[in-house]
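Encoded as structure tokens, the structure appears first; notes follow it.
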Amino acid sequence: MSAPAGEPGAGLEKRLRTYEGRAAAVATVGKDPVNTPMIRHWCEAMGDTSPAYTGPDAVAPPSMLQVWIMGGLSGHEGRTDAYDELLGLLDEAGCTSVVATDCEQEYLRPLRPGDEVTFDTVIETVSARKTTKLGTGYFVTTRTNVRVAGDLVGTHRFRILKYAPARRKPPGKPGARRPRPVVNRDNAGFWEGVADHRLLIQRCTGCGTLRHPWLPGCNACGCPDWDTVEASGEGTVYSYVVMHHPPFPAFDPPYAVGLIELAEGVRMVADVVGVPYDKVRIGLPVRVGFRRYEDDGGVLVLPVFRAGESEA
Ligand code: ZN
């Protein structure tokens, strides 16, 4: 039986189905017994102040079920070949990406401090081929049975989508239109300075406080009057992020965006250039430069901060 080109055949779906009901992980002992310190930390993190979870008759919050079966950084060892084979088949079919989609739990009886949990996992269902916004693939649902002294106390169903990612738009297309800053009456002077390759800082004429970004009045004294001083252009990286995603047109990730503290004391956000993105560090000395972009929106000049050797 042959399938249309590019479509996985019914043969694949049939093979995937044979994994339903097979073990994904063999019986494993929980890393810790149900215990009051972990219950307390969980309740604090969740802001759950129910009296049921404290005192001599405390039970564990039911939705902590997964806590008692988590492998931590070192993981659990019970995973079976069947589960890896199933994922391998999906990889071969081009479904190389994975996303967790949802989780469902059932609680059969409360867990109490001292309960020693064991658990095993079964591959419950593999869906037919589905197309989602992320791409086309298969939902795989596993069910973990949680037991104490052999009795089932809860189940934890976990669903993933193994999928072939939908084709993405090409990132950083050269010549793509770069977004423009919003220029208004309050900040036009700043952008006029930038177009002229000058970095202007607003200064309150009432109290002398410098400010950036530009504002209609002084936050320190309320005075609406101001003039400007031209920044020396020297600064340091006060903080930064490295942008990886999403890949906007006209941007070419990864790149570093810094919050730059100018020598005059105010801070501004701009790209950090002149060093690889992964060499940017807090405290790195930088100097202002101006980058010119030309695209179908016209000419745009933006301040950037350059690290590395400065010309004395
Ligand atoms: Zn002021």
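Atoms within each ligand, like the ligands themselves, are counted from 1 in listed order.
Annotation: F119 is not in aromatic contact with H156 [ring centroid separation under 6.0 Å not met].
Comment: R159 engages D102 in a salt bridge, judged by a side-chain N to carboxylate O separation of less than 4.0 angstrom. A salt bridge links D91 with K162: the distance from a Lys NZ or Arg NE/NH1/NH2 to an Asp or Glu carboxylate oxygen falls below 4.0 Å.
Tested against F305, the residues V257, L262, V280, V273 include a single side chain to side chain contact (heavy atoms under 4.5 Å, CB included) partner, L262. Under the side-chain hydrogen bond (donor to acceptor under 3.5 Å, both in side chains) test applied with T121, the options T80, T142, T144 reduce to a single match, T144.
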#### Entry: Working for salt bridge (Lys or Arg N to Asp or Glu O under 4.0 Å), residues D84 and R79
CA-CA 8 Å; D84 288 336; R79 185 149 142 170; 2.7 Å; yes
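Around the Zn ion (ligand 1), the protein contributes the following N, O or S atoms under 2.8 Å, ordered by chain and number: C204 SG, C207 SG, C218 SG, C221 SG.
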